Novice: 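Got a structure for you, questions after.
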Amino acid sequence: MKTIAVVSTAGGTGRTTLSAALAVLLARRGRQVVALDFDPQNMLGAHLGIDGFAPAGIAQALLDEAGAWHTHTWRNAEGVLFVPYGAVSLAHSARCDARLAAEPQWLANALAQLVLPRDGVVLIDTARYPSQQADQAVRCADLVLCVTPPEPAACATLVAQLDALRRDGANLRIIVNRLNPARDMQRDVLAMLAAALGNGLPLAQRVHLDVALPESFARGTWLFDDAPHSQASHDLHGLANWLDAWVAGTPATAARGHGERV
Ligand SMILES: Nc1ncnc2c1ncn2[C@@H]1O[C@H](COP(=O)(O)OP(=O)(O)OP(=O)(O)O)[C@@H](O)[C@H]1O
Ligand SMILES: [Mg+2]
């Protein structure tokens, strides 16, 4: 089983969108996929096509209110097994955070209870980093996908947190999302980000901006079904192919070929 954490140091970068899309695309490639919502926003279920917000999930297990965390699972139409965070009030959210702070291995212990084949995948959507949820996810992940738009503020926060992420995360990969090649400023920001990251961390994976993406979400469909030949669909398939090859243990470079260039 491979664990992939989807994190970002800014809000609204596309973590939940990418977590849901990649979960479905990996399931369509025959992987057994668990999508775990580790963000109190509790939004991943909506992206996976499950109506409404799941009332109970990881949070209620953290609060000792509703049994084991894995009793609150759903399966979506694509066969993805989904674990919600669950609905929380502000006070409950603080209690969940306190428990996670007191038990830094809570998520690792929870994932150890999963029975998945060697090539099964757990995709974790996280609260914005730094947070208790993102910190735990980064520490248990085999691969950390760090999502950032090519915007100055988002990239600045990423660079500021890079040392902390590198300390915690074994295998970090930057995903540039909402790329718009028509904007010169984005090219400059990406060049600055690449320089700050250094040679060890290539900016190989990119997903282009596509205004049809939020529209597909609103309709309850997938962009890669609605507009399979769009650049963003091509990018998402490229990213899923790369992940699929990484999960299978084949050299990552062999599966690239989509979404590499502006
Ligand atoms: N490549 C893209 N092109 C266009 N819109 C996108 C793209 N990726 C994500 N979005 C849109 O950006 C918005 C934020 O995405 P999302 O909710 O996935 O981000 P997030 O990082 O999970 O946010 P939060 O910090 O609130 O959890 C959504 O409206 C989503 O549809
Ligand atoms: Mg989100």
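Quantities reported herein were computed from a predicted structural model and do not represent experimental measurements. Each ligand, and each atom within it, is numbered from 1 in the order the structure gives.
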Novice: Out of curiosity, is Gly12 lining ligand 1, as in a heavy atom under 4.0 Å away?
Specialist: yes
Novice: Could I get the full list of side chain to side chain contact (heavy atoms under 4.5 Å, CB included) partners for Phe224, not counting sequence neighbours?
Specialist: Ala21, Val24, Leu25, Arg28, Trp222, Ser233, Leu236, His237
Novice: Using a heavy-atom cut-off of under 4.0 Å, does the side chain or the backbone of Asp125 touch ligand 1, or both, or neither?
Specialist: neither
Novice: Sorted by first residue and then second, give each side-chain hydrogen bond (donor to acceptor under 3.5 Å, both in side chains) pair with at least one member in residues 108-122; sequence neighbours left out.
Specialist: Arg31-Asp119, Trp69-Gln113, His70-Gln113
Novice: How long is the span from the CG atom in Asn171 to the CZ atom in Arg166, to the nearest 0.5 Å?
Specialist: 12.0 Å
Novice: Does Arg173 make a cation-pi contact with Trp242, if we ask for NZ or CZ under 6.0 Å from the ring centre and within 45° of the axis?
Specialist: yes
Novice: Considering heavy atoms of the protein only, find what lies nearest to atom 26 (O) of ligand 1 and give residue, atom and distance to 0.1 Å.
Specialist: Gln41 NE2, 2.9 Å
Novice: CG of Leu18 to CG of Leu145: how many Å apart, nearest 0.5 Å?
Specialist: 8.5 Å
Novice: Hey, is the main chain of Pro104 close enough, under 3.5 Å, to the side chain of Arg139 for a donor-acceptor pair?
Specialist: yes
Novice: Any donor and acceptor pair, going by atom type alone, linking the side chain of Ser93 with main-chain N or O of Val88 inside 3.5 Å?
Specialist: no
Novice: Show the atoms of ligand 1 that are less than 4.0 angstrom away from any heavy atom in Leu209.
Specialist: 3 (N), 4 (C)
Novice: With heavy-atom distances below 4.0 Å as the criterion, list the atoms of ligand 1 near Asp39.
Specialist: 27 (O)
Novice: So which heavy atom in the protein is nearest atom 18 (O) of ligand 1, and how far is it from that ligand atom?
Specialist: Thr17 OG1, 2.6 Å
Novice: Pairs of donor and acceptor atoms involving the side chains of residues 32-45, under 3.5 Å and at least two apart or interchain, shall be tabulated with distances.
Specialist:
{"from": "Asp37", "atom 1": "OD1", "to": "Asp39", "atom 2": "N", "distance (Å)": "3.2"}
{"from": "Asp37", "atom 1": "OD2", "to": "Met43", "atom 2": "N", "distance (Å)": "3.2"}
{"from": "Asp37", "atom 1": "OD2", "to": "Leu44", "atom 2": "N", "distance (Å)": "3.1"}
{"from": "Asp39", "atom 1": "OD1", "to": "Gln41", "atom 2": "N", "distance (Å)": "3.0"}
{"from": "Asn42", "atom 1": "OD1", "to": "Tyr85", "atom 2": "N", "distance (Å)": "3.4"}
{"from": "Asn42", "atom 1": "OD1", "to": "Gly86", "atom 2": "N", "distance (Å)": "3.0"}
{"from": "Asn42", "atom 1": "ND2", "to": "Ala54", "atom 2": "O", "distance (Å)": "3.0"}

Novice: Within this structure, what is the CG-CZ distance for the pair Leu22 and Arg29, rounded to the nearest 0.5 Å?
Specialist: 9.0 Å
Novice: Does Gln186 use its side chain to pair, donor to acceptor, with the backbone of Arg183 at less than 3.5 Å?
Specialist: no
Novice: List every atom of ligand 1 that sits less than 4.0 Å from any heavy atom of Thr13, numbering the atoms from 1 in the order shown and giving each element.
Specialist: 19 (O), 20 (P), 21 (O)
Novice: Counting only nitrogen or oxygen atoms and a 3.5 angstrom limit, does Gly14 reach ligand 1?
Specialist: yes
Novice: Quick one: does any side-chain atom of Ser216 pair with a main-chain N or O of Ala212 as donor and acceptor, under 3.5 Å?
Specialist: yes
Novice: Between Asp163 and Arg167, does any side-chain N to carboxylate O distance fall below 4.0 Å?
Specialist: no
Novice: Considering heavy atoms of the protein only, find what lies nearest to atom 5 (N) of ligand 1 and give residue, atom and distance to 0.1 Å.
Specialist: Pro214 CD, 3.6 Å
Novice: What atoms of ligand 1 come closer than 4.0 angstrom to any heavy atom of Leu213?
Specialist: 1 (N), 2 (C)
Novice: Do any heavy atoms of Arg128 fall under 4.0 Å from ligand 1?
Specialist: no
Novice: Can you report which non-hydrogen protein atom sits closest to atom 22 (O) of ligand 1, along with the distance?
Specialist: Thr16 OG1, 2.8 Å
Novice: Could an N or O of ligand 1 be found under 3.5 Å from any N or O of Ser8, whether backbone or side chain?
Specialist: no
Novice: Look at atom CE of Met192 and say whether more than 12 heavy atoms of other residues, nucleotides or ligands are closer to it than 6.0 Å.
Specialist: no
Novice: By residue and atom, what protein N/O/S atoms are less than 2.8 Å from the Mg ion (ligand 2)?
Specialist: Thr16 OG1
Novice: Is atom CG of Asp225 surrounded by more than 12 heavy atoms (other residues, nucleotides or ligands) closer than 6.0 Å?
Specialist: yes
Novice: Looking only at the side chains, is there a donor atom on one of Arg206 and Asn177 sitting less than 3.5 Å from an acceptor on the other?
Specialist: no
Novice: List the closest protein heavy-atom neighbour of atom 4 (C) of ligand 1: residue, atom name, distance to the nearest 0.1 Å.
Specialist: Asp210 O, 3.1 Å
Novice: Considering only heavy atoms of Arg15, which atoms of ligand 1 have at least one such atom less than 4.0 Å away?
Specialist: 18 (O), 19 (O), 20 (P), 21 (O), 22 (O), 24 (P), 25 (O), 27 (O)
Novice: Give me the nearest non-hydrogen protein atom to atom 8 (N) of ligand 1 as residue plus atom name, then the distance to 0.1 Å.
Specialist: Asn177 ND2, 2.9 Å
Novice: Between Val147 and ligand 1, which residue portion shows a heavy-atom distance shorter than 4.0 Å: side chain, backbone, both, or neither?
Specialist: neither
Novice: Counting only heavy atoms, tell me which of His208, Arg178, Gln231 gets closest to atom 11 (C) of ligand 1.
Specialist: Arg178
Novice: Less than 4.0 Å is my threshold; does some heavy atom of Met43 fall inside it relative to ligand 1?
Specialist: no
Novice: Quick one: does any side-chain atom of Gln136 pair with a main-chain N or O of Leu107 as donor and acceptor, under 3.5 Å?
Specialist: yes
Novice: Within ligand 1, which atoms have a heavy atom of Gly11 less than 4.0 Å away?
Specialist: 25 (O)
